[in-house]
Amino acid sequence: MSDLPRKAVTRTAKLATLPLGFAGRATWGLGKRIGGKSAEIVARELQQRTADQLFKVLGELKGGAMKFGQALSVFESALPEEIAGPYRAALTKLQEAAPPMPTRTVHAVLAERLGEEWRELFLEFEDKPSAAASIGQVHRAVWHDGREVAVKVQYPGAGEALLSDLTQLSRFARLLGPLIPGLDIKPLINELRDRVSEELDYALEAEAQREHAAEFADDPDVVVPDVVHQGDQVLVTEWIDGTPLAEVISDGTPEERDRAGQLLARFLFSGPARTGLLHADPHPGNFRLLPAADAEEDGSSGELRLGVLDFGTVDRLPGGLPDTIGEALWMALEGDAHGVYGLLRDEGFVKESIDLDPDAVLEYLLPIIEPAVVEEFAFTRSWMRAQAARIADPRSPANQLGKQLNLPPSYLLIHRVTLSTIGVLCQLSATVRLRGELEAWLPGFLPEPGDEEEILSPPVGVEPALDGSDVGA
């Protein structure tokens, strides 16, 4: 009853076209070079065709393939500029939409999950989906009490498809790796697989969304729509309008980009402190830029707000983000190499069998933490590319040291969410006062009063690049 391909053999066949397509285009490129086209033009054509095929297949399959594509999309800013253009357009498509399932399928799911008289729950229901993503699609409707609502309907067979896709994609990790320099694809796929059961459980999602909605109910900067009704494979929440973050990235004004970036950073660090939950799916399709709270009432133009959607994947952090993150970051800003190294070893980032030079570890970290050094930092694609190139280059000391570091399982999701958010900030080209958000919300970042003097100047070895563009490899 669904257009979501459910048989593993069907989906595997589609995914199997990816590496075959890559190989075929390489042969095609060789022929073009022999035919006289310049290597640069051929390379660009190959990248364009590869991007088109990759993200067309991922988008068509929805499920785990779509989820993987969305996770990759936030790292677009790490791509070398000469190939970023072709990928950028394809990746952006994955952030907002996927091919919808037929209307008859939607009605069948609603009848099965809400009852045969499901239409009586709504004053209006739009059959055409307003958004379609990896495991479900959203329909705009009016609840029986007059509230505008978003009705999220899970694709039948979504769980099977998610697991099948991610298992198959993990086999192609080596081929997919070069898409994003410096990003290890296989752990990303494995971590997405580990979260499948949570994302399919709309009861867990409803609980996480209710907690956020209650905490941010009166917040002037962040809007979380409340849950109206939750059933098996159907979730009804309040509707919010607004500009999708993908549109802000492509067409937003500098002021909108900066505001969106500031609020995104604020939500990343304040959410765990306020709710004990970390929103763990920070791709642009899950955020909206909304007018100020009083703009609709009196026509005034206040500060724009950030609307946050989709709480299907969260990390449960009862005490907020671990103190170790803030403490290690502060020590790094202080230039305390031995203190940082000791904390990393205690937390398992450096295994007992490994001995590293504390100064080398600090040198590895300093370029990455530069946004926390200055009062405000301009996140740019060039800064992100420089970080990716520094870590990905096998000849660089950073690459060799990075291979010896370990990522403890308890930090895996925090690490991915932080990297993803930074990727979105770079896509926005947003100037953000990150330092202030860390001081306000990150446990352990500021020492106890009287212990240390506040540092607003960079530590030894870091020159502030206020536009984020001069951080080299």
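One is the number of the first residue; the rest follow in order along the sequence.
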Report task. Dump the intermediate steps for salt bridge (Lys or Arg N to Asp or Glu O under 4.0 Å) on Arg259 and Glu303, then the final yes or no. Result -> CA-CA 8 Å; Arg259 180 64 176 168; Glu303 291 274 31; 3.6 Å; yes
Report task. Please assess Val424 against Gln427 for the test side-chain contact (heavy atoms from CB on, under 4.5 Å), listing each intermediate value before the final yes or no. Result -> CA-CA 5 Å; Val424 177; Gln427 289 179 320; 4.1 Å; yes
Report task. Mind running salt bridge (Lys or Arg N to Asp or Glu O under 4.0 Å) on Asp310 and Lys152 for me, showing each step along the way? Result -> CA-CA 10 Å; Asp310 198 338; Lys152 184 154 78 168; 3.6 Å; yes
Query raised in the report: Given Leu317 and Ile414, is the side-chain contact (heavy atoms from CB on, under 4.5 Å) satisfied, shown in steps?
Result: CA-CA 10 Å; Leu317 304 167; Ile414 296 171; 4.2 Å; yes
Report task. Give the intermediate values and the outcome of side-chain contact (heavy atoms from CB on, under 4.5 Å) for residues Val432 and Leu425. Result -> CA-CA 8 Å; Val432 175; Leu425 295 179; 4.3 Å; yes
Query raised in the report: Does the pair Ile391 and Asn399 meet the rule for a side-chain contact (heavy atoms from CB on, under 4.5 Å), with working shown?
Result: CA-CA 5 Å; Ile391 295 170; Asn399 177 273; 5.5 Å; no
Query raised in the report: Given Arg345 and Asp355, is the salt bridge (Lys or Arg N to Asp or Glu O under 4.0 Å) satisfied, shown in steps?
Result: CA-CA 10 Å; Arg345 182 174 282 283; Asp355 281 320; 3.5 Å; yes
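Arg274 has its side chain out of reach of Phe269: every pair of non-hydrogen atoms, C-beta onward, lies at least 4.5 Å apart. Between Tyr341 and Leu362 there is no side-chain heavy-atom pair separated by less than 4.5 Å. At a threshold of 4.5 Å between non-hydrogen side-chain atoms, the residues Leu268 and Pro282 do not count as touching. In this structure, the side chains of Phe379 and Leu434 come closer than 4.5 Å at one or more pairs of heavy atoms. Using a 4.5 Å heavy-atom threshold, the side chains of Arg316 and Val314 count as touching. Using a 4.5 Å heavy-atom threshold, the side chains of Ser396 and Tyr364 count as separate. Side chains of Asp221 and Leu306 form no contact here, defined as non-hydrogen atoms less than 4.5 Å apart. Inter-residue side-chain proximity for Trp239 and Ser130 is flagged as met; some heavy-atom pair is nearer than 4.5 Å.
Note that OG of Ser420 is 10.0 Å distant from NE2 of His283, once rounded to the nearest 0.5 Å. Note: Glu327 CD to Glu347 CD = 8.5 Å, rounded to the nearest 0.5 Å. If you take CG on Asp251 and CZ on Arg257, they are separated by 8.0 Å, rounding to the nearest 0.5 Å. In this structure, CE in Met331 is found 10.0 Å from CG in Leu344, a value given to the nearest 0.5 Å. Between the CG atom in Leu401 and the CG atom in Leu405 there is a gap of 5.0 Å [rounded to 0.5 Å]. Of the inter-residue distances, the one linking Lys403 atom NZ with Ile354 atom CD1 reads 13.0 Å to the nearest 0.5 angstrom.
Judged by distance alone, with hydrogens and angles left aside, the side-chain atoms of Gln209 form a donor-acceptor pair with the main-chain N or O of Pro225 at under 3.5 Å. Side-chain atoms of Asn286 come within 3.5 Å of backbone N or O of Asp281 as a donor-acceptor pair. Put simply, the side chain of Gln400 gets close to the backbone of Pro394: a donor and an acceptor are under 3.5 Å apart.
Glu437 and Gln262 form a side-chain donor-acceptor contact under 3.5 Å, judged by distance and modelled atom types alone.
The minimum heavy-atom distance linking Ala292 with Arg305 is given by the pair C-NE, 3.7 Å. Closest approach of Gly307 and Ile240 over heavy atoms only: CA-CD1, 3.9 Å. Residues Gly242 and Leu290 share a closest heavy-atom pair of CA-CD2, 3.5 Å. The two atoms that bring Ala332 and Leu366 nearest to each other are O-CD2, 3.9 Å, heavy atoms only. Across every non-hydrogen atom of Pro443 and Asp323, the tightest pair is CB-OD1, 3.0 Å. What you find for Pro367 and Trp383 is that their closest heavy atoms are O-CZ2, 3.8 Å.
Exactly one residue among Leu277, Val224, Thr275 makes a side chain to side chain contact (heavy atoms under 4.5 Å, CB included) with Glu215. That residue is Thr275.
Arg266 has no carboxylate O lying under 4.0 Å from a charged side-chain N of Asp219, or vice versa, which leaves the two without a salt bridge.
Within a 6.0 Å sphere centred on CG of Asp241, other residues, nucleotides and ligands contribute more than 12 heavy atoms.
Judged by a 6.0 Å distance limit and a 45° cone about the ring axis, Arg435 is not positioned over the six-membered ring of Phe445.
You'll find the ring centres of His279 and Phe287 inside the 6.0 Å limit.
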